[in-house]
Protein chains: 2
Amino acid sequence: MNEETGILDLTMTALAHPTRRAILQRVMRRESRVTELAEPFAISLNAVSKHISVLERAGLVRRRRAWREHWVSFNPVPLDEAAAWIEKTRSFWTARLDALDALLKAEDAAASPQSQRKGRRT
Amino acid sequence: MNEETGILDLTMTALAHPTRRAILQRVMRRESRVTELAEPFAISLNAVSKHISVLERAGLVRRRRAWREHWVSFNPVPLDEAAAWIEKTRSFWTARLDALDALLKAEDAAASPQSQRKGRRT
DNA sequence: ATATCATTCAACTGATCGGATGAATGAAGA
DNA sequence: TCTTCATTCATCCGATCAGTTGAATGATAT
């Protein structure tokens, strides 16, 4: 009944760190080298390389080696699955609220049209 | 430029664990007691209480105490923010793809103004 | 007051995280 | 060959995570 928890685990974990989200945003705009990705951050190059590994483990990013440089590119698929989970959850909730709203409206409608007497109209 | 990273961090972290996602799905359907939430899991009650704390820290869940029972209820707001981040990211990506597609179409049109009509059949 | 119940708090463990540092790899250029 | 460059590997650190067990809390019923 569970829908492949592992993938979601890795994706959400990868998205849980601001540095990784920033890296992802950057690599999404264009395929980048590791050094290039590390440049805006105050942490070591190795730390960035590790963050990229976490993104890679979740499948959000792919590495390609050319010449002496490693190119990192974006892969949107795991993001789709994460979005699907959240949307499924949210839509269930809003549906629940809509149902409640409809119920309240129905009660309201039943109460207001001068049917305020004791015996309920049937 | 950054939109309150901390909230997203906590939300994504909370969603990164399958037990917590399951708890959230359950508590979303109805407000539940801790013991009730713990029942389907093979871990200790304390472990579940901790998971609930993680959800609570992210604001995904609220605790209310009545009588000797603690009732846990769902709060959708942090989920909205997580969904917004992912959607923003995905929409950027698809827009990028659309632009690329348009570019390719334009090139195609420029390269073959009229000779295209029976040239390729694939 | 005491017992009971639902839950949390406190302390501990092993695993993983986020980070630093220094050595190793692998490929190109001299 | 030897050097240089981009990056990873290996190791260590302190912090947090996920889990356990046992004691403490807080409210009610006896």
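Computed from heavy atoms alone, side chains included, the values below leave out hydrogens, waters and symmetry copies. Chain A is the first sequence line, chain B the second, and so forth, proteins listed ahead of strands; every chain is numbered from 1.
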Peer 1: Atom NE2 of His17(B) and atom C1' of dT16(C): how far apart are they, to the nearest Å?
Peer 2: 12 Å
Peer 1: Whole-Å distance between dT20(D) P and Ile43(B) CD1?
Peer 2: 6 Å
Peer 1: Given atom CG of Leu37(B) and atom P of dT8(C), what is their separation to the nearest angstrom?
Peer 2: 10 Å
Peer 1: Can a donor-acceptor pair be found, under 3.5 Å and without considering hydrogens, that links the side chain of Arg20(B) to the backbone of Leu15(B)?
Peer 2: no
Peer 1: If you draw the axis of the six-membered ring of Phe74(B), does the NZ or CZ of Arg29(B) fall within 45° of it and under 6.0 Å from the ring centre?
Peer 2: no
Peer 1: Specify the separation, in whole Å, of atom CG of Asp9(A) and atom P of dT16(C).
Peer 2: 13 Å
Peer 1: Measuring from atom CD of Glu56(A) to atom CG of Leu10(A), what distance do you get when rounded to the nearest 0.5 angstrom?
Peer 2: 12.5 Å
Peer 1: Using a 6.0 Å cut-off, check whether atom CZ of Arg62(A) has over 12 heavy atoms from anything other than its own residue.
Peer 2: no
Peer 1: Starting from C1' on dT8(D), measure out to CZ on Arg63(A) and report it in whole angstrom.
Peer 2: 8 Å
Peer 1: Whole angstrom is fine here: how far is it from CD in Glu39(B) over to C1' in dA6(C)?
Peer 2: 15 Å
Peer 1: Any base atoms under 4.0 Å from Arg64(B), or only sugar-phosphate, or nothing? Heavy atoms, all strands.
Peer 2: nothing
Peer 1: Which nucleotide in the set dT8(C), dG19(C), dG19(D) lies at the smallest distance from any side-chain heavy atom of Lys50(A)?
Peer 2: dG19(C)
Peer 1: With heavy atoms under 4.0 Å as the rule, sort Ala47(B) into base, sugar-phosphate or nothing.
Peer 2: base
Peer 1: Roughly, in whole Å, what's the span from NE2 in His51(A) to P in dA20(C)?
Peer 2: 9 Å
Peer 1: Hey, is the side chain of Ser44(B) poking within less than 4.0 Å of OP1 or OP2 on dT20(D), counting only N and O atoms?
Peer 2: yes
Peer 1: Name the one of Arg33(A), Arg30(A), Arg65(A) that satisfies side-chain contact (heavy atoms from CB on, under 4.5 Å) with Trp71(A)?
Peer 2: Arg33(A)
Peer 1: Heavy-atom nearest nucleotide on DNA chain D for Ser32(A) versus Ala42(B): which residue maps closer to 5'?
Peer 2: Ser32(A)
Peer 1: Please name the residue in the list Glu69(A), His70(A), Glu31(A) that meets the side chain to side chain donor-acceptor pair (under 3.5 Å) test with Arg64(A).
Peer 2: Glu31(A)
Peer 1: What is the per-nucleotide protein-contact pattern of nucleotides 22-30 of chain C, from the 5' end, where B denotes a base atom under 4.0 Å from a protein heavy atom, S denotes such proximity for sugar-phosphate atoms only, and - denotes neither?
Peer 2: B---S-S--
Peer 1: Between atom CG in Leu45(B) and atom P in dC9(C), what is the gap in whole Å?
Peer 2: 13 Å
Peer 1: Looking at Ala14(B), is its backbone amide N or carbonyl O close enough to the side chain of Arg57(B) to form a donor-acceptor pair, meaning the two atoms are under 3.5 Å apart?
Peer 2: no
